[in-house]
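Each remark here refers to the structure printed beneath this line.
Hydrogens, waters and symmetry mates are skipped; everything else that's a heavy atom, side chains included, is used.
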Amino acid sequence: MKEPVRYEQRVEGIFDTHAHLYDSRYAEETISPEALLTRAYETGVEKILIPADSIESSKAAIEYVAAYDKTCGVSLYCSVGIHPHEASSYNDEAEDQLRAWLDRREGLKIKALGEIGLDYYYDLSPREVQRDVFRCQLDLAFEADIPIVIHNRESTGDLMDILREYKNKGKIRSNPGVVHCCSTSPEIALELVNMGFYIGVDGPLTYKNNKNTPAICEAVPLNRLVIETDSPYLTPVPNRGHINEPSYVAFVAAKLAEIKGVSVEEAVSVTTANGLAMYEIGE
C-alpha cells in the first residue's frame, strides 16, 4: 500500500469535531497519541472533540483528554454517552455514571452528550430499546443543559419523529448540538438546521460515488456545517485504505470549500467558529 498523503499546506485553526482517538486500532498500528497529535497540528488542527459510544469509551475519552490535552499544541475536549449499538447496556447505573460525569463536565472538558441516536443498519440493539435509550439520553441532555451528538444510520424516520416530539414539548435546547456524519436527504438536513442543529460532514464527502453528502453541503449554509473525521473510520480520499486520523480532516475542508466556492481558509474559519459555538467553547 502506498504511503498516506499529507495535506499540501498548513491551514491554521482547524477543529476536528469528531475523532475517536482512544480507539484500539491506533495501538494496533503502533500509532502513538504524540504522533497523531503532532501530525494533526502540523496540518493546522488546533482543536479536537473526542466522542464516546459506551460507558467504557466515555471513561477512555475523559482519560485521553486528561493525559494529552495541549500535547503538541492541540486542545482536546470530549463527550460521554451511549451509542445505539450499546443501547442494551443502558441501565440506572449507566445513567447515574453519565449524570455524575456531566456534573463535573467543566473540569473534565466534557462538551456534549453523545454519541446517541439510532442505528437500524446493524441492529446491534433491538430497535425499541434504541428508541427508549435515545429518549432517556435526550431527557438527560435537556436536564443537564448540554449539546448532543446524534448518530443516525438508516433510521431517519424514527429519529425525526422523536426529535419533532421533543421539539414540540420544548425539550430541545436552542443550541441542541450536531447530527454527526449526516446522511439524510438535503430536505431533512435543512429541517434539522431549522431545529437548531449543526450538520457534521466527514470522509464520505470526498467519495466519488457519494452524491448525497455533497447535496447536503450544497443545501445547508456554510455557517451551519462542521467538519470531522470520525477517526479511525471513514478515511477521506486520497487516503482510503489507511486508518483515519485528524490530520486528514483538511481534505474534508478542501472538498467543502470546493462545493461552496470559497477558499479552504474560509471554509476552515467558518466551520471552526461553528464548532466552537456548537460545543460552547470559548476561545
Side-chain angles (χ1 to χ4, degrees), residues 15-24 26 33 37 47-71 74-119 124-125 129-152 162 166 171-181 197-198 200 226 228 230-232 246 275-282:
F15 188 177
D16 181 354
T17 58
H18 196 109
H20 301 269
L21 298 188
Y22 51 78
D23 194 279
S24 61
Y26 294 116
L37 295 171
K47 293 179 172 61
I48 302 172
L49 189 287
I50 304 172
D53 53 25
S54 64
I55 292 297
E56 293 75 18
S57 65
S58 295
K59 184 172 183 288
I62 290 168
E63 291 175 348
Y64 198 104
V65 170
Y68 299 108
D69 183 31
K70 304 295 174 62
T71 296
V74 181
S75 296
L76 301 177
Y77 311 90
C78 63
S79 68
V80 297
I82 295 180
H83 190 285
H85 288 345
E86 306 291 333
S88 295
S89 72
Y90 195 90
N91 54 27
D92 290 344
E93 182 180 358
E95 185 170 295
D96 288 345
Q97 179 62 80
L98 291 174
R99 184 174 281 108
W101 280 325
L102 293 176
D103 286 345
R104 300 169 54 211
R105 66 192 187 200
E106 185 172 344
L108 299 177
K109 299 191 74 174
I110 296 169
K111 296 299 180 181
L113 181 67
E115 298 175 40
I116 67 174
L118 304 175
D119 191 313
L124 295 184
S125 290
V129 173
Q130 290 187 44
R131 292 190 290 269
D132 288 345
V133 170
F134 184 37
R135 285 188 170 94
C136 286
Q137 291 185 98
L138 285 173
D139 289 337
L140 180 58
F142 188 73
E143 172 192 326
D145 192 23
I146 194 167
I148 57 177
V149 180
I150 291 182
H151 172 99
N152 167 49
I162 292 171
Y166 272 72
K171 295 186 71 175
I172 296 285
R173 65 203 297 271
S174 58
N175 177 27
V178 61
V179 179
H180 142 71
C181 192
F197 285 99
Y198 289 87
V226 294
E228 54 187 42
D230 200 20
S231 299
L276 295 175
M278 176 177 79
Y279 286 133
E280 300 173 349
I281 296 170

Kindly indicate whether the side chain of [X], heavy atoms from C-beta on, has any atom under 4.5 Å from the side chain of [Y].
X: N152; Y: D119; value: no
X: C136; Y: E95; value: yes
X: H85; Y: S125; value: no
X: Y26; Y: S231; value: yes
X: F197; Y: I150; value: yes
X: Q137; Y: L113; value: yes
X: I48; Y: Y77; value: no
X: P147; Y: E280; value: yes

* **Crowding at CG, D96 (>12 non-hydrogen neighbours, <6.0 Å)** =>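 Count over threshold, so yes.
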
* Step through the shown structure and confirm whether more than 12 heavy atoms of other residues, nucleotides or ligands are within 6.0 Å of NZ on K59. =>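 Count not over threshold, so no.
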
Under 3.5 Å donor-acceptor, [X] side chain and [Y] backbone:
X: Y166; Y: R135; result: yes
X: D53; Y: I82; result: no
X: S54; Y: S57; result: yes
X: R173; Y: D145; result: yes
X: Y90; Y: Q130; result: no
X: D69; Y: L76; result: yes
X: S75; Y: K70; result: no

Work out which heavy atom in [X] is nearest to a heavy atom in [Y]; give both atom names and the distance.
X: V80; Y: W101; value: CG1-CE3, 4.0 Å
X: L98; Y: S58; value: CD2-OG, 4.5 Å
X: A19; Y: P246; value: CB-CG, 4.2 Å
X: F15; Y: L49; value: CE2-N, 3.7 Å
X: Y279; Y: T17; value: OH-O, 3.4 Å
X: P84; Y: G117; value: CB-O, 3.4 Å

* Look at the rings of H180 and H151 and say which category their plane angle falls in: under 30° parallel, 30 to 60° tilted, over 60° perpendicular. => tilted

* To do: Indicate the ring-plane relationship of H18 and H20, choosing parallel, tilted or perpendicular according to the 30° and 60° boundaries.
  => perpendicular

* Would you please test E143 and L102 for side-chain contact (heavy atoms from CB on, under 4.5 Å) and show each step? => CA-CA 10 Å; E143 172 192 326; L102 293 176; over 6 Å; no

* **D16 and K47 ion-paired at < 4.0 Å** =>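 No, no charged N to carboxylate O under 4.0 Å.
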
